[in-house]
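Below is one structure; the comments refer to it alone.
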Amino acid sequence: MLTKMANKVPRILVTGASGLLGRAVVKVLKAKEWDVVGVAFTRVGSGLIKCNLTDSEAVSALIEKVKPDIIIHAAAERFPDVVEKKYKETQLLNVKASAHIASVAQQHGSKLLHISTDYVFDGTSPPYKCNDKCNPLNKYGQTKLHAEQAVLRECPGACILRVPVLYGPVERLEESAVTCLFSALKSREPTTVSHHDKRCPAHVNDIAHIMYDLISLIMKGKTLDGIFQWSGKEKLTKYEMTLTMSRIFSLPHDHITPSYSAGSLRPYDPEMDVSRLTDLGISHHTNFEDGIKECLSPWL
């Protein structure tokens, strides 16, 4: 199927289409006038199809009906604290559902792009290359590593895209581990924010354009499979992110105290090597100051 895609508009199925990343992916790909079908479950907005991804029969029926050339699997439980409390439920979505989607993609000849995370690393030896040893510190990272392994086992031609902490236009500030810092900044309630763990935040629009570029190469006949990685180009602690927000919006930060202690089950510095993408000519980075100003202005 994929060898015949160069001159056609691809049909793309996006899971997690109501989520922070999924919304950006759908928007960017539709702007390219591609045929995009978005799937959601708990937040099914206009134009999206409702499907419980943990229902294998429903997923098989959906893919059979849509017949996508490309599947972008962005749906996952991505909040580590939630995963710790609901590990069994998370395994069903993050691992079992991912394996089934990969199996059906392989069966139907659909190219699969699966979203993973920098949390598969322990953060002790950055920057991590694609084939470096994984050692997730928490259950979230474990589920995502197990999902990667299952996806490549069921669909060897799949692409895995590992991404860092993401931010972008949010429906609520708590939707991103970055934008939620703005709530603490505005509240004026005394609180502590980590000034220990380092992160390389990426705007969801950058990730969406990276996926567009990958798919464009695939459509031209380029053989792409295995693991790809993207990290933002700025390395910041959450406290430094908060200070940036404070400066941009002229908000006081004297109630925010930096914490220098290690985060609970969080990698210290999971920066990833991105050369496999840049070697393909793929690179998109929004400066954090510009990106966060755009995202948070509506929340002043």
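FYI, side chains are in, hydrogens and waters are out, and symmetry mates aren't considered; it's all heavy atoms of this structure.
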Between [X] and [Y], is any pair of side-chain heavy atoms under 4.5 Å apart?
{"X": "Glu89", "Y": "Glu77", "answer": "no"}
{"X": "Cys134", "Y": "Phe121", "answer": "yes"}
{"X": "Ile282", "Y": "Leu217", "answer": "yes"}

Given side-chain contact (heavy atoms from CB on, under 4.5 Å), test Leu145 with Asn135 step by step and report yes or no.
CA-CA 9 Å; Leu145 176 58; Asn135 182 36; over 6 Å; no

Distance-minimising heavy-atom pair for [X] and [Y]:
{"X": "Gln106", "Y": "Pro156", "result": "OE1-CD, 3.9 Å"}
{"X": "Val178", "Y": "Met245", "result": "O-CE, 3.3 Å"}
{"X": "Glu234", "Y": "Thr286", "result": "OE1-O, 3.9 Å"}
{"X": "Asp69", "Y": "Val9", "result": "OD2-O, 4.3 Å"}
{"X": "Gln229", "Y": "Ile227", "result": "CG-CG2, 4.2 Å"}
{"X": "Glu175", "Y": "Leu20", "result": "OE2-N, 3.6 Å"}

[Y] backbone acceptor or donor facing [X] side chain under 3.5 Å:
{"X": "Ser246", "Y": "Leu251", "answer": "yes"}
{"X": "Ser231", "Y": "Glu271", "answer": "no"}
{"X": "His108", "Y": "Ser110", "answer": "no"}
{"X": "Glu240", "Y": "Thr237", "answer": "yes"}
{"X": "Ser187", "Y": "Ala184", "answer": "yes"}
{"X": "Lys186", "Y": "Trp299", "answer": "yes"}

Any donor-acceptor pair under 3.5 Å linking the side-chain atoms of [Y] with those of [X]?
{"X": "Gln91", "Y": "Thr143", "answer": "no"}
{"X": "Tyr128", "Y": "Asp122", "answer": "yes"}
{"X": "His146", "Y": "Asn94", "answer": "no"}

CG/Leu280 to CD1/Ile210 distance, rounded to the nearest 0.5 angstrom?
11.0 Å

From CD1 (Ile215) to NZ (Lys220), nearest 0.5 Å
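Reported to 0.5 Å precision, the distance equals 13.0 Å.
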
Which of Leu166, Ile72, Val14, Asn205 passes side-chain contact (heavy atoms from CB on, under 4.5 Å) with Leu21? Answer is Leu166

Give me the one residue out of Asp118, Thr117, Val83 that meets side-chain contact (heavy atoms from CB on, under 4.5 Å) with Lys144.
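With Lys144 as partner, side-chain contact (heavy atoms from CB on, under 4.5 Å) holds for just one option, Thr117.
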
Carefully, step by step, assess His203 and Tyr167 under the rule side-chain contact (heavy atoms from CB on, under 4.5 Å).
CA-CA 5 Å; His203 196 293; Tyr167 70 98; 3.6 Å; yes

Passes side chain to side chain donor-acceptor pair (under 3.5 Å), Thr54 versus His100? Steps please.
CA-CA 9 Å; Thr54 64; His100 181 67; over 6 Å; no

Under the side chain to side chain donor-acceptor pair (under 3.5 Å) criterion, do Ser116 and Glu148 qualify, and how do the steps go?
CA-CA 7 Å; Ser116 191; Glu148 287 186 8; 2.6 Å; yes

Under 6.0 Å between ring centres: does that hold for Tyr260 and His195?
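Tyr260 vs His195: aromatic centres under 6.0 Å.
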
Hey, are Asp254 and Arg188 close enough for a salt bridge, meaning a charged N less than 4.0 Å from a carboxylate O?
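So Asp254 pairs with Arg188 through a salt bridge.
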
Do Asp197 and Lys238 sit within salt-bridge range, that is, some charged N less than 4.0 Å from a carboxylate O?
no

In terms of ring plane angle, is the pair His114 and His73 parallel, tilted or perpendicular, where the classes change at 30° and 60°?
tilted

In terms of relative ring orientation, are Tyr212 and Trp34 parallel, tilted or perpendicular, with 30° and 60° separating the classes?
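Tilted.
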
If you draw a 6.0 Å radius around NZ in Lys86, do more than 12 non-hydrogen atoms from other residues or ligands fall strictly inside?
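Open: at most 12 neighbouring heavy atoms sit under 6.0 Å from NZ of Lys86.
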
